[in-house]
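Structure record follows, encoded as structure tokens.
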Protein chains: 2
Amino acid sequence: MSKLLIVGTVAFDAIETPFGKTDKILGGAGTYIGLSAAQFNVRSSIVSVVGDDFPGSYLEMLENNNIDISGIEVVEGGKTFFWSGKYHNDLNSRDTLDTQLNVLADFNPVVPEDFKDAEVLMLGNLHPSIQIDVIKQMERRPKLIILDTMNFWMDNTWDELMEVISMVDVITINDEEARQLTKEYSLVKAAQKIHEIGPKYVVIKKGEHGALLFNDHNIFFAPALPLEEVFDPTGAGDTFAGGFAGYLTKSGDISFENMKNAIICGSNMASFCVEKFGTERLENVSKAEIQERLKQFKELTQFEIELS
Amino acid sequence: MSKLLIVGTVAFDAIETPFGKTDKILGGAGTYIGLSAAQFNVRSSIVSVVGDDFPGSYLEMLENNNIDISGIEVVEGGKTFFWSGKYHNDLNSRDTLDTQLNVLADFNPVVPEDFKDAEVLMLGNLHPSIQIDVIKQMERRPKLIILDTMNFWMDNTWDELMEVISMVDVITINDEEARQLTKEYSLVKAAQKIHEIGPKYVVIKKGEHGALLFNDHNIFFAPALPLEEVFDPTGAGDTFAGGFAGYLTKSGDISFENMKNAIICGSNMASFCVEKFGTERLENVSKAEIQERLKQFKELTQFEIELS
């Protein structure tokens, strides 16, 4: 079975949406990526760091989802990374209320021996130097390296960000960030400029408006599933990336045609994520529900028009 | 051959985009709908009104596109409807600089005898009382009535708008207008509420983010084709509606499955419209270009994932 190595935060979130608010709950990019990829029955491992305030029950839950946690360092006397945010009424934008880096400030990732030959490496949104460090720890270059990042690193660590982008096969980035990175408003032009930095595949996430996959002049689009209610968008982008990485790891086929399927699987997983607070829905989604919703994606997008 | 009756403005537009500006050029919802539907080789007629300042060459161009213009009244001594607008840098929003109703203020639509039995009626964005008037002039109810409208009528003629919406099969409306009409943020819920007013089919247009087709619990999504450059979005929504109506008129099949194809054809035509100022691209697009771009829509959206 192929192996997926995930690097990303494992954290506490406190979330407020128009529908309610939470106390500190389980969050973090690594967590969402891991739980989403777990649905594809891959061998995965999360490299991360938490404080000793992090509940053992959360780590157990990850293990019960067949995720190796030997790469999650627990810092004695340390406090876990904490993020708090409040969503606006349309759920399309949010204010960060609090960010406490805590143990993340001194994070030195250590890749478990057993995952140094992972076929797929998913670099969740983190300081680009940490992402580079992890790539360098691999004993051979993974078949596929996927990078997620955000505008914060463009503003603060431009050179390191450019270096890590040049090292990967796939980048996932949201539409505004793609525009900021390239100074191009057209997403087609933005993707072309990102190709020039390195990644052969560029995934531009547009939230409720879906996601675009670019590979030179090939383009694929996956919509977000239209939902009656979006409850909490937190983690949707990471869940999308986790489904994408999980599907590719399981299938072992990294062609553009198969990446189309992977993008759909990512959108599918994200559609569950947003239905409840935090990771709740991802922890309880069934294989049958995932298959059923995959059918909905087919009905939503497939058409039979004849070309003359 | 099936007949398509179109009601909508035939007008002058003056447009300013980040890429340039025009003097008074040919515009109007009826014009865009007609030119777009013309690509499907249907017999169509536009019901509208212009002043005697309207160039005969424009009318000839419409006739050369096989559009019956006997329903376009030319008012002696009257001036043609004029709209002027300036797009913001992202092309997603615009300011109206000037609106002169002119002859449109006293428009009494007269449906040509030969089109009173049209199978498909496309009601372009106009005063709802005019739209109702046209429906009542038909000698038998068309197989399919499609309505386009906008927020202006919600603000100013609510009761008449509700009446005409209750009389049609399909409504096309943009996302913000659907939300305003129903007081629902979720487009799924908004479509459900619009179904309750009457239309069995609800098309929600999201501009560069594509369009959704709802029929009870069935949903279909067509993306906009990602383009390197959008030059002028004027008329894109009407061109979309014209392609939708033209395809359905030609095929004669108004099932939900075939409406999926029609939505794709609408998006396809709209992708040409935005490439040049005004109607320029629509006047010159070839059948081969349309077919080629239909292939691009397939590649953009079709995937082969196996359901287990």
Side-chain angles (χ1 to χ4, degrees), chain A residues 18 89-92 179 184-189 191-192 204 206-210 212-214 217-230 247 251 256-265 268 287-288 290-292 294-308, chain B residues 18 89-92 179 184-189 191-192 204 206-210 212-214 217-230 247 251 256-265 268 287-288 290-292 294-308:
Chain A
N89 275 337
D90 65 4
L91 291 172
N92 276 327
R179 287 169 174 142
E184 290 287 351
Y185 183 79
S186 157
L187 297 178
V188 176
K189 287 188 179 173
Q192 287 166 352
I204 297 184
K206 305 199 296 171
E208 63 164 330
H209 299 303
L212 286 158
L213 167 67
F214 295 87
H217 293 288
N218 297 315
I219 314 181
F220 180 70
F221 176 79
L225 196 69
L227 296 169
E228 283 199 28
E229 206 81 85
V230 170
Y247 180 83
S251 67
F256 179 74
E257 286 304 311
N258 197 47
M259 276 194 195
K260 293 181 175 183
N261 297 332
I263 291 278
I264 293 288
C265 287
N268 193 5
K287 293 277 188 296
I290 292 169
Q291 284 295 315
E292 177 56 35
L294 215 44
K295 277 187 210 161
Q296 287 180 256
F297 269 94
K298 282 220 161 192
E299 284 161 14
L300 182 67
T301 57
Q302 307 301 285
F303 59 92
E304 298 294 337
I305 200 168
E306 278 173 43
L307 300 172
S308 62
Chain B
N89 275 337
D90 64 5
L91 291 173
N92 277 326
R179 288 172 173 138
E184 290 286 353
Y185 184 79
S186 157
L187 297 178
V188 176
K189 287 187 179 176
Q192 287 165 354
I204 298 183
K206 305 198 298 171
E208 65 163 330
H209 299 302
L212 285 158
L213 167 67
F214 294 88
H217 293 288
N218 297 315
I219 314 179
F220 180 69
F221 177 80
L225 196 69
L227 296 169
E228 282 197 30
E229 205 82 84
V230 170
Y247 179 82
S251 68
F256 180 74
E257 285 304 311
N258 197 47
M259 277 195 195
K260 293 180 175 184
N261 296 333
I263 291 277
I264 293 288
C265 286
N268 193 5
K287 293 277 189 294
I290 292 170
Q291 283 295 316
E292 177 56 33
L294 215 43
K295 277 186 209 161
Q296 286 181 258
F297 269 94
K298 284 220 161 191
E299 284 161 13
L300 182 66
T301 58
Q302 307 300 287
F303 58 92
E304 299 293 338
I305 200 169
E306 279 174 42
L307 300 172
S308 63

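Letters A, B, ... mirror the listed sequences (proteins, then strands); counts begin at 1. Only heavy atoms go into these numbers, but all of them, side chains included; no hydrogens, no water, no symmetry mates.
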Contact origin within B:Leu212 toward chain A - heavy atom pairs under 4.5 Å: side chain

Donor-acceptor under 3.5 Å (B:Lys298 side chain, A:Glu304 main chain): no

Derivation and outcome, ring-ring contact (aromatic ring centres under 6.0 Å, His included), residues B:Phe221 and A:Phe221: CA-CA 11 Å; B:Phe221 177 80; A:Phe221 176 79; 5.5 Å; yes

Point-to-point distance, once rounded to the nearest 0.5 Å, from CD of A:Glu229 to NZ of B:Lys189: 3.5 Å

Nearest-0.5 Å distance that lies between atom OG1 in B:Thr301 and atom CD1 in A:Ile264: 9.0 Å

Residue pair A:Ile305, B:Cys265: steps toward the side-chain contact (heavy atoms from CB on, under 4.5 Å) verdict: CA-CA 9 Å; A:Ile305 200 168; B:Cys265 286; 3.4 Å; yes

Heavy-atom pairs under 4.5 Å with chain A, option from B:Ile263, B:Asp90, B:Leu187 with the top count: B:Asp90

Heavy-atom contact with chain A under 4.5 Å, split by part of B:Glu257: neither

Which atom of B:Gln302 lies closest to which atom of A:Gln302, heavy atoms considered: OE1-OE1, 3.1 Å

Engaged part of A:Asn258 at the chain B interface, taking heavy atoms whose separation is under 4.5 Å: neither

Non-hydrogen atoms of A:Val188 and B:Glu228 that approach each other most closely: CG1-CG, 3.5 Å

Heavy-atom pair with the smallest gap, counting every atom of A:Glu208 and B:Lys206: O-NZ, 4.2 Å

Plane angle bin for B:Phe220 and A:Phe303 - parallel if under 30°, tilted between 30 and 60°, otherwise perpendicular: perpendicular

Top of B:Phe214, B:Phe297, B:Tyr185 for chain A proximity - count of heavy-atom pairs under 4.5 angstrom: B:Tyr185

Backbone N/O of A:Val230 and side chain of B:Ser186: donor-acceptor pair under 3.5 Å: no

From A:Gln296 atom CD to B:Ile219 atom CD1, the distance as rounded to the nearest 0.5 Å: 7.5 Å

